[in-house]
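Comments concern the structure below.
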Amino acid sequence: MTSITPNAQRLVRALVVDGPTHRADLARSLDVSRATVTNLTTRLIEDGWVEELQQEVGSLKNPIGAAAGLGVLASVMFLVDSYTVTLARFDGRVLKNLTLTGPVGRPPTERMTAAASLLRTLLVECGVGAGALRALHLAVDTQMDALTGDVFAARASSRWYGVNPVRFFEDEFGVPVHAQNSARLEGLAEYLWGVGSEASDLLYVDVSYGVTSGHVVDGVIRSGNRGGSGELGHTIYDWNGPVCTCGNSGCLMQYVSIPALLRDYATATGAEASWSRFCTQVAADDPDARRIAERAAVILGRVLVSVCHVIDPETVVLNGPVARQVPGFTDIVAATVRELALPLVARNLRVVGAELDDVHAATARAGIESLRRVEAVISSAIPD
Ligand SMILES: [Zn+2]
């Protein structure tokens, strides 16, 4: 292949950053003539750096995208009972995406080996070798140091303790690995393709067995110094409250989570209930179930008032089984925040339920989008 000109490099960069683009739009964004773009793309297509997307066969109106010659990006995401691997072009187009369930409760090395094996299979199926991989996004459902990959000893990290997921995938594939927490990546997916698509500043809150959050600003997950932010479930609501798995007392997840709601219901009624039974009882206006659900929603709303006073988001998106399945939960949280937050914060704030359904595919694809916002990753695609 021949070396490419600065203008050609700018064109490739534009495709990588903005995604597939028509020639006329490229001419505008690069501030060159259409003839120049046509000449550039013709050469870049011949050299295998970019390709024409066949929306209209043979038409100059076809959008231009990144070709296999630039390499591919991978996203690997682990949730409690599944792992998802996505392969994509540098312009964000997904080539392959596959979710496999399990192996549940298996050692972390076994789970990582299974995901690495799936990634190799997808690389082969896409007709590219492992050498075409330029960078990998890794999302793990635990607290992990985003820079070093260390997982710290804690009960909440027990599924992953003792391994270094970042180093594992770096060693397996020899590419830079960018790490993120799975729940925060879900927030980015919701920002990009869900209810937050018009928000520049979004707080994502997932309420399930714990409470996790992700802050997305201008399409980038703000996860703090080492990826430790967003642990909303361990925000202290009452220092004299129930002891938490983290060792502190009165954490939010001791009031607002599936185990907390079921515990409170069992205490109030003397009867154990399944999660679906509890939700049915709330829907049926059972006084105990409804009171417990409303109390949890008000407590989450109060804690969110504090969070909103610190970060002033445009939209708060609530997701997870508690927000999705407990009737009226999101409305009470929203009303509590609006009632108690300072006017400047409250008057422009939206508190809404999440929209995305296929969380696996969208979230793993968000890992690709996250990579495409890293300058070192973008630079690695630009030919010399
Ligand atoms: Zn805690």
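Read the numbers this way: they start at 1 and go in the same order the structure lists the ligands and their atoms.
Between the side chains of His215 and Ser229, no donor N or O sits under 3.5 Å from an acceptor N or O.
The salt bridge (Lys or Arg N to Asp or Glu O under 4.0 Å) contacts involving residues 326-344 comprise nothing, where partners must be two or more places apart or lie in separate chains.
Open room surrounds CZ on Arg277; 12 or fewer heavy atoms of other groups in view lie less than 6.0 Å from it. Within a 6.0 Å radius of CZ in Arg263, other residues, nucleotides and ligands contribute more than 12 heavy atoms.
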Can you list, pair by pair, the side-chain donor-acceptor contacts under 3.5 Å of residues 299-310, counting residues two or more places apart and other chains?
| residue | atom | partner | partner atom | Å |
| --- | --- | --- | --- | --- |
| Arg302 | NH1 | Tyr237 | OH | 2.6 |
| His309 | NE2 | Leu342 | N | 2.9 |

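Only protein N, O or S atoms were considered, and those under 2.8 Å from the Zn ion (ligand 1) are His234 ND1, Cys244 SG, Cys246 SG, Cys251 SG.
With sequence neighbours left out, Arg28 forms a salt bridge (charged side-chain N to carboxylate O under 4.0 Å, His left out) with Asp25.
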